[in-house]
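Please read all numbers here as calculations on a predicted model, not as lab measurements. Start at 1 with the first residue, then count along the sequence.
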Amino acid sequence: MKVYQTKEIRNVALIGGNRVGKTTLAEAMAFHGGVISRRGTVEDKNTISDYRDVELERQQSIQSTIMYSEFEGTKINMIDCPGFDDFVGETIGALRVMDTALMVINSQNGVDVGAEIQWRHAKAAGIPVMFVVNQLDHEKANFDETMNQLKEFFGGSVMPLQFPVNAGVGFDSVIDLLQMKLLKFPANGGKMIVEDIPANLADKAEEMHSALIEAAAENDEALMDKFFEEGTLSEDDMVRGLKLGIANRGTFPVICVAAKTDQGIDRMMDLVIKNCPSPAEGRAMKTTDGKELQYNAADPFVGFIFKTAIEQHLGEVAFIKVGAGEFSKGSDLSNTVNGSKERISQLLVFAGKNRVEVDKAVAGDIIATIKLKSAQTGTTLVMKGDEVVEPTVYPDPKFRTAVKAKNSSDDEKLGAALNEIRKTDPTFLMEQSKELKQLIISGQGEQHLNIVKWMIEKQNKIEVEYYAPKIPYRETITKSAEAMYRHKKQSGGSGQFGEVHMLVEAYYEGMPTQSKYPIRATETYDLPWGGKLIYNNCIVGGAIDARFMPAILKGIMERLEEGPLTGSYARDIVVNIYDGKMHPVDSNEMAFKLASRHAFKEAFTNAGPKILEPIYDVDIFVPAERMGDVMTDLQGRRGIMMGMDSEGAYQMIHAKIPLAELNKYSTTLSSITSGRASYTMKFAEYQAVSADVQSEIIKKYEAEHDEEE
């Protein structure tokens, strides 16, 4: 393969809903570019994309697939993205490094849920979008209705570059509004035939052509002046105006294809090359210090690893967007995360499951390498200097479950398998919770974690089960209480003796200092699980020797790690040690630690103990007509409405919801809105639960505790 220069590269992400034909379109583009000599199909399970076992079994994209095509002296890098929002991390990672998104629309169904959701991701990324209306050869294809929906959902800047002559079975022709010609596509992708526009379509074509001219002129003052002077623009002028409009998201063109039968693919690729920005003309890659990398091959090399994958026969593969400079096989690079050195042993260009080894890559290109020592997704590699590319921001997880191996002997292997998945999927999180005594995994939805389960069981041969995760409650007190405990043990020889008197108080910012017992020394601890412990030494007269005070603190800390109500962490407590007794022979650190544990438990129990639960800020993006259903459901989840914002036909609901009520919420929300709503959730705070909820939590804990015993 030749070394393509920056201006000869186009980077496009194929996005859209599920089963709109993205994988089929990518296959057609690779075929028309000569990258593959024979086309595969999703049904025959032989496409160069969607080649992984889980994708072949389910016949849907699970991971993004990096591909390329070569056409008219230009390299088109493509990333085929999954359609389901559960795998949104793959789409966000792709949109981070590509320069244009091709939104594929199924002409039978028009704008579907996936298109709405992925449009929002593209908008958030600030990436230009071109619409590709696919499956125009289907008997139910309806281009006019699809156009109406595109304008309704995405605005008046959606502008057709073509319209079909004979949508439906036998589709083979479009009117091209840039060339103002009829383009006829022979069956199975033969050479395109250019003809004059039929008389019966001339008026419609002229009207749409004029609208396209105006849209192109609006993107450039010089073109606008020329348009006013001459009343029209040439095709080259229109392309220049459209290219500017596409790059600044002022125009969203629409192209017509039937990917399965190879209709319109050549012209689509030609339009991508002529109208989509090259890396140098698109968005600059930014560094953490605010610098913009201009994709200049003459600058020092900077590369950003935007994706890591495990590939059969290759192992771990790092996919890199070259932000500046160029590099070759044998290059020595620095990892700006940890300062380690990386030797580039191979450079690969991926076409899905096919790979080609190359010698060099330049700024703006997408390249892959293997056998890196420590570089992972999000790592910046440099030849010199210390540039660090801004990391990709992935959404917080919104679905969690506990997992365990059915055979306990597989526990270690399960942990290793989950760590491997974590390497390749930034939206998948895992935590061995000491507090909950569970292995908790989190992802973007139930389907996301079901795929994780499939991979563990099918690929790693480990049988696992999912079960409900516990809630990380906190315990605290609401008033003051005193308690004492004497630990006394005698069993021959030296015994154990320690007596501790303490006063506990509820801690809050700005609270007054108690004056009942003069404080000699204060220690403040920010607890690892949140909140504070204030430890006051109020001992006078040597009732307890100073050498035993650390042991007393240790006993209290142990009880904080296992609160008296539910075994959850306790927080926000002031402990005043004001009296006690020692024995000249039998007192030791263990005795005072045990005495303080028991005294603390009694004082805590008498101090109006409360359970605190984690509350999350939840933002729900929902169609206006489904608002009532969503709000009714929120009320049943003890949700508190915090406000609303509107965005077109959608409403954004801001609410606070307890984590205990969010179990499988993504599945429920999808069900009640037919998949059209989405949401994000982020930890906000801990709040006290009501008395009835507290009673239920304690009863459940006691029942589970009895079963374990």
Side-chain angles (χ1 to χ4, degrees), residues 396-402 429 431-438 440 442 468-481 504-511 524-535 556-575 600-601 603-620 634-643 653-665 679-702 704:
D396 292 322
K398 52 195 178 188
F399 194 98
R400 60 195 286 271
T401 187
L429 302 179
E431 175 198 7
Q432 182 66 62
S433 174
K434 175 186 173 184
E435 173 187 4
L436 304 179
K437 300 179 178 62
Q438 291 180 320
I440 306 293
S442 307
K470 297 176 183 176
I471 303 299
Y473 293 111
R474 298 287 181 264
E475 299 181 17
T476 192
I477 56 177
T478 59
K479 60 183 182 181
S480 302
V504 298
E505 305 170 89
Y507 169 81
Y508 57 91
E509 289 290 339
M511 66 179 293
T524 300
Y525 297 91
D526 291 315
L527 301 171
W529 50 86
K532 290 182 182 293
L533 167 69
I534 311 296
Y535 181 58
I556 293 167
M557 283 291 191
E558 288 180 358
R559 286 307 299 172
L560 288 176
E561 290 192 22
E562 191 174 350
L565 298 181
T566 63
S568 305
Y569 291 139
R571 56 179 279 177
D572 296 329
I573 299 169
V574 180
V575 178
F600 179 81
K601 180 179 180 180
F604 189 100
T605 304
N606 295 328
K610 289 292 291 182
I611 295 175
L612 308 177
E613 65 178 339
I615 305 296
Y616 277 68
D617 285 326
V618 181
D619 293 331
I620 308 164
L634 287 181
Q635 291 172 2
R637 296 176 183 274
R638 298 189 286 128
I640 299 175
M641 290 284 297
M642 304 303 294
I653 301 174
H654 306 289
K656 288 187 179 294
I657 307 175
L659 177 62
E661 304 293 341
L662 286 169
N663 187 34
K664 297 191 175 182
Y665 181 58
Y679 74 104
T680 60
M681 54 184 280
K682 194 173 187 67
F683 172 75
E685 60 187 337
Y686 272 90
Q687 289 184 3
V689 302
S690 61
D692 57 330
V693 173
Q694 176 160 317
S695 177
E696 289 178 14
I697 294 170
I698 293 173
K699 285 179 181 176
K700 183 179 179 182
Y701 171 75
E702 290 174 346
E704 291 174 351

Check the pair Leu659, Ile615 against side-chain contact (heavy atoms from CB on, under 4.5 Å), reporting the backbone distance first and the verdict last.
CA-CA 6 Å; Leu659 177 62; Ile615 305 296; over 6 Å; no
Could you go through the side-chain contact (heavy atoms from CB on, under 4.5 Å) check for Val618 and Thr680 one step at a time?
CA-CA 6 Å; Val618 181; Thr680 60; over 6 Å; no
side-chain contact (heavy atoms from CB on, under 4.5 Å) between Glu561 and Glu435, intermediate numbers included
CA-CA 8 Å; Glu561 290 192 22; Glu435 173 187 4; over 6 Å; no
Kindly indicate, with the supporting measurements, whether the criterion side-chain contact (heavy atoms from CB on, under 4.5 Å) is fulfilled by Lys479 and Ile477.
CA-CA 6 Å; Lys479 60 183 182 181; Ile477 56 177; over 6 Å; no
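With a 4.5 Å cut-off on side-chain heavy atoms, Gln694 and Leu565 count as touching. Looking only at side-chain heavy atoms (C-beta outward), Ile697 and Thr566 come within less than 4.5 Å of each other. Taking the side chain as every heavy atom from C-beta outward, Val574 and Val504 never approach each other to under 4.5 Å. Contact of the Pro609 side chain with the Pro564 side chain is not registered, since no non-hydrogen atoms from C-beta on lie closer than 4.5 Å. A heavy-atom distance below 4.5 Å is not found between the side chains of Ile620 and His654. Side-chain contact between Gln438 and Gln432 is absent, with no heavy atoms from C-beta onward closer than 4.5 Å. Arg474 has its side chain out of reach of Ile611: every pair of non-hydrogen atoms, C-beta onward, lies at least 4.5 Å apart. With a 4.5 Å cut-off on side-chain heavy atoms, Val693 and Ser690 count as touching.
For the atom pair OH (Tyr525) and CD1 (Ile556), the distance works out to 10.0 Å, reported to the nearest 0.5 Å. With rounding to the nearest 0.5 Å, the separation of CD in Gln635 from CD1 in Ile640 is 11.5 Å. Atom OG of residue Ser433 and atom NZ of residue Lys437 lie 8.5 Å apart, to the nearest 0.5 angstrom.
Without hydrogens or angle criteria, Glu475 side chain to Tyr569 main chain gives no donor-acceptor distance under 3.5 Å. Judged purely by atom type and a 3.5 angstrom limit, Thr478 uses its side chain to pair as donor or acceptor with the backbone of Gly608.
The side chain to side chain contact (heavy atoms under 4.5 Å, CB included) with Met681 is formed by just one residue from the set Asp396, Leu662, Asp619; it is Leu662.
With 3.5 Å as the limit, one finds a donor-acceptor pair spanning the side chains of Gln687 and Glu685.
The two atoms that bring Ala570 and Trp529 nearest to each other are O-NE1, 2.7 Å, heavy atoms only. Between Lys601 and Thr605, the shortest heavy-atom contact is O-OG1, 2.7 Å. The two residues Pro614 and Pro472 have their closest heavy-atom pair at CD-O, 3.8 Å. Shortest non-hydrogen contact noted between Arg571 and Thr476 is O-OG1, 2.9 Å. The nearest pair of heavy atoms linking Ile573 to Phe604 is CD1-CE1, 3.5 Å. Between Pro397 and Leu429, the shortest heavy-atom contact is CG-CD1, 3.6 Å.
A salt bridge is defined here as a Lys NZ or Arg NE, NH1 or NH2 lying under 4.0 Å from an Asp or Glu carboxylate O, and Glu613 with Arg638 meets this definition. Between Asp617 and Lys682 there is no salt bridge, since no side-chain N of the basic residue sits under 4.0 Å from a carboxylate O of the acidic one.
Cation-pi geometry between Lys664 and Phe399 is not met: the NZ or CZ atom fails to fall both under 6.0 Å from the ring centre and inside 45° of the normal.
A search for ring pair (Phe, Tyr, Trp, His ring centres under 6.0 Å) contacts involving Tyr535 returns nothing, not counting sequence neighbours. Applying the ring pair (Phe, Tyr, Trp, His ring centres under 6.0 Å) rule to Phe683 yields the partners Tyr616, Tyr686; only residues at least two apart in sequence or on another chain are considered.
Ring pair Tyr679/Tyr665: centre-to-centre distance below 6.0 Å.
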